[in-house]
Every structure is written in structure tokens, then in C-alpha cells.
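Here's the structure, in C-alpha cells; my notes come after.
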Amino acid sequence: MSFPFRYLPNKAGCILYVKHMVCARGIRVVWRELEKIGLTVHDVRLGAVTVAHAADELDWQRIREALAEAGFDLLADPEYAMVAQVKRTVNELLRRPNAIRHRDFVPTLTQAVGLSMRQLHRLFIQLPDQESLLGYITHQRLAYAQQLLAASQWDVGRIARQLGYNSLAHFSGQFRRFMHCAPSVYRQQLHAVEEAANSKAATPNDAS
């Protein structure tokens with residue numbers, strides 16, 4: 001699925017591009033239909049709608065259906081669609097049962113999405129948040145590490161191997177920069193919070 005919008009620099013929200021909106025009546029209809037599905041609409045002009053929502057917060061399928069019922073279509077943004085595909089692929093590769101080594105991850109990604117390394121880097125450089133491809137991969141890898149530390153019984157060394165790190169020190173160093181504590185400390189903090197919550201839930205309320 002493609003996602004037709006443009007970010008608004010330094011503002012919350014984005015601009016949607018709508019096909020077949022060619023008159024004042026179309027503007028009114030589009031405004032009404034989008035508000036009916038809960039969007040906050042700032043402005044509607046011929047072909048463009050400004051909404052007060054980040055692109056990743058929008059229910060694109062619902063928007064498409066609402067506009068289609070009124071006779072309109074969203075225009076596709078192929079570059080964003082490709083970025084969305086790359087991001088999905090990154091997360092799928094991270095969660096493979098057989099870990100991809102850290103240094104092999106980007107070459108594997110290029111093969112999976114059919115783009116060169118230069119094309120991938122250029123796609124991410126153009127994004128408004130200016131997050132690099134390698135930065136995105138690192139953040140997703142460490143976010144997955146948080147999930148594994150919280151939900152699995154694996155030791156930290158096994159988690160590092162699952163994430164493709166050849167060195168436990170490398171994994172621990174990146175995790176410290178990301179979460180400002182060691183992986184083992186992060187897990188201990190999670191367990192302490194969980195135990196405190198369980199203890200509170202098990203304690204009966206005072207009769208008084």
C-alpha cells in the first residue's frame with residue numbers, strides 16, 4: 001500500500017493529496033468526509049488537504065474507503081511507499097529465527113527490497129526527520145532487544161547473538177547509548193516494576 005502525503009516541516013500534521021477534487025463542492029465534501037471519520041482538518045484546497053495528524057497515526061485504509069465512497073482517490077507517493085516497505089523488511093529480517101550478522105544486515109536488506117545501498121541511503125536522507133538508514137536499523141534492533149529482555153528468558157549473550165552482534169561488548173555498548181543503562185540492569189528494572197505491580201495488586205485494600 002502506498003501513502004500519499006507530505007510532511008509539514010516543524011509542524012504537527014501532514015498534507016494529503018486527493019484526486020478528482022476539482023471544484024468548491026468537492027472541497028466541502030472531502031472536508032466533511034474526513035471529519036466524519038475523526039480527522040482534524042486544518043485546510044482543504046483543490047487537490048490537497050492539511051490534517052493535524054502525523055502520517056503514521058492515520059488509518060490509511062479508512063481514509064481511502066471514505067474518500068472512495070464520495071468519488072475521490074488518494075494520489076500515491078512512491079518514495080514513501082518504498083520507505084515503508086524497507087522499514088517493514090528491516091523488522092522482518094531482525095526477527096528471523098536465524099540471526100543475520102551485524103555486518104551482513106544491509107547487504108541482505110538490499111537484496112530483499114531490490115535496491116542498491118546508495119538508493120536506500122538516499123531514500124532515508126530525504127525523510128523530514130533526517131534519520132539515516134543505519135540509524136533506523138540500529139534503533140529497531142535495540143527496540144527489539146528491549147522486547148527480548150522483557151519477554152524472554154534468554155541471557156544477554158544469546159539476545160546479542162540473536163540480534164546479529166558478534167560481540168557482547170558491542171551490543172552492550174550500543175544498548176547503553178540507547179537506554180542509558182546496561183541490558184542486565186534494564187531487565188532488573190523491568191522485573192522490579194513488575195514485582196511491585198504484582199505486590200500492589202495482591203495487597204487487599206484497607207477496610208477503613
Side-chain angles (χ1 to χ4, degrees), residues 1-5 7 14 53-64 76-195 197:
M1 179 183 293
S2 56
F3 299 80
F5 74 94
Y7 288 99
C14 60
H53 307 269
D56 56 4
E57 297 174 349
L58 296 175
D59 185 337
W60 291 97
Q61 184 61 32
R62 191 177 182 193
I63 293 172
R64 288 179 186 278
D77 182 335
E79 286 191 350
Y80 183 80
M82 180 55 69
V83 169
Q85 179 185 339
V86 170
K87 288 184 174 183
R88 287 194 299 271
T89 305
V90 166
N91 283 281
E92 290 169 1
L93 293 177
L94 286 173
R95 286 160 177 76
R96 277 187 177 181
N98 297 320
I100 300 171
R101 289 189 302 175
H102 197 281
R103 67 184 182 184
D104 295 334
F105 194 90
V106 173
T108 303
L109 177 63
T110 62
Q111 292 179 0
V113 299
L115 295 175
S116 69
M117 191 177 301
R118 178 177 295 180
Q119 289 172 315
L120 283 174
H121 284 297
R122 187 163 58 241
L123 272 176
F124 275 76
I125 287 173
Q126 294 172 354
L127 294 179
D129 58 12
Q130 296 182 332
E131 183 175 31
S132 68
L133 171 64
L134 295 180
Y136 178 78
I137 293 171
T138 298
H139 284 148
Q140 294 306 306
R141 178 179 277 116
L142 295 174
Y144 185 35
Q146 289 179 268
Q147 295 177 23
L148 293 175
L149 288 165
S152 78
Q153 299 299 316
W154 294 353
D155 61 39
V156 175
R158 183 175 177 183
I159 290 174
R161 292 191 297 273
Q162 175 61 31
L163 294 169
Y165 289 95
N166 292 327
S167 162
L168 177 57
H170 185 193
F171 166 59
S172 296
Q174 282 202 333
F175 193 91
R176 283 177 181 273
R177 287 191 292 274
F178 185 65
M179 290 301 299
H180 307 292
C181 67
S184 57
V185 173
Y186 177 80
R187 174 175 269 169
Q188 291 169 3
Q189 291 173 345
L190 288 178
H191 289 170
V193 170
E194 183 178 356
E195 289 175 1

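Residue numbers start at 1 and run along the sequence shown.
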Should we say atom CZ of R95 is surrounded by more than 12 heavy atoms from elsewhere, each under 6.0 Å from it?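 Counting other residues, nucleotides and ligands, CZ of R95 exceeds 12 neighbours.
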
To the nearest 0.5 Å, what is the distance between [atom1] on [X] and [atom2] on [Y]?
{"X": "H102", "Y": "N166", "atom1": "NE2", "atom2": "CG", "answer": "9.0 Å"}
{"X": "R187", "Y": "Q153", "atom1": "CZ", "atom2": "CD", "answer": "6.5 Å"}
{"X": "N91", "Y": "Y136", "atom1": "CG", "atom2": "OH", "answer": "4.5 Å"}
{"X": "R118", "Y": "L123", "atom1": "CZ", "atom2": "CG", "answer": "13.5 Å"}
{"X": "L133", "Y": "T138", "atom1": "CG", "atom2": "OG1", "answer": "9.0 Å"}
{"X": "L94", "Y": "Q162", "atom1": "CG", "atom2": "CD", "answer": "9.5 Å"}

Are L93 and T89 close enough, and set up right, to give a side chain to side chain contact (heavy atoms under 4.5 Å, CB included), and what steps lead you there? CA-CA 6 Å; L93 293 177; T89 305; 4.0 Å; yes

Show your reasoning for whether side chain to side chain contact (heavy atoms under 4.5 Å, CB included) applies to F171 and R141. CA-CA 10 Å; F171 166 59; R141 178 179 277 116; over 6 Å; no

So if I apply the side-chain contact (heavy atoms from CB on, under 4.5 Å) rule between L120 and each of V113, L134, I125, which one comes out positive?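 Exactly one pass, corresponding to V113.
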
Hey, can you pull the donor-acceptor pairs under 3.5 Å for the side chains in residues 144-151, sequence neighbours left out?
| unit_1 | atom_1 | unit_2 | atom_2 | d |
| --- | --- | --- | --- | --- |
| Q146 | NE2 | Y186 | OH | 3.1 |

Minimum heavy-atom separation for P183 and V156, please, with both atom names.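 Of all heavy-atom pairs spanning P183 and V156, the closest is CB-CG1, 3.9 Å.
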
Looking only at non-hydrogen atoms, find the nearest pair between S152 and I159 and report the distance.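 S152 and I159 have their closest heavy atoms at OG-CD1, 4.2 Å.
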
Which of parallel (below 30°), tilted (30 to 60°) and perpendicular (above 60°) describes H170 and Y165?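 Perpendicular.
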
If you apply the rule side chain to side chain contact (heavy atoms under 4.5 Å, CB included), what do you find for L142 with M179, and how did you get there? CA-CA 9 Å; L142 295 174; M179 290 301 299; over 6 Å; no

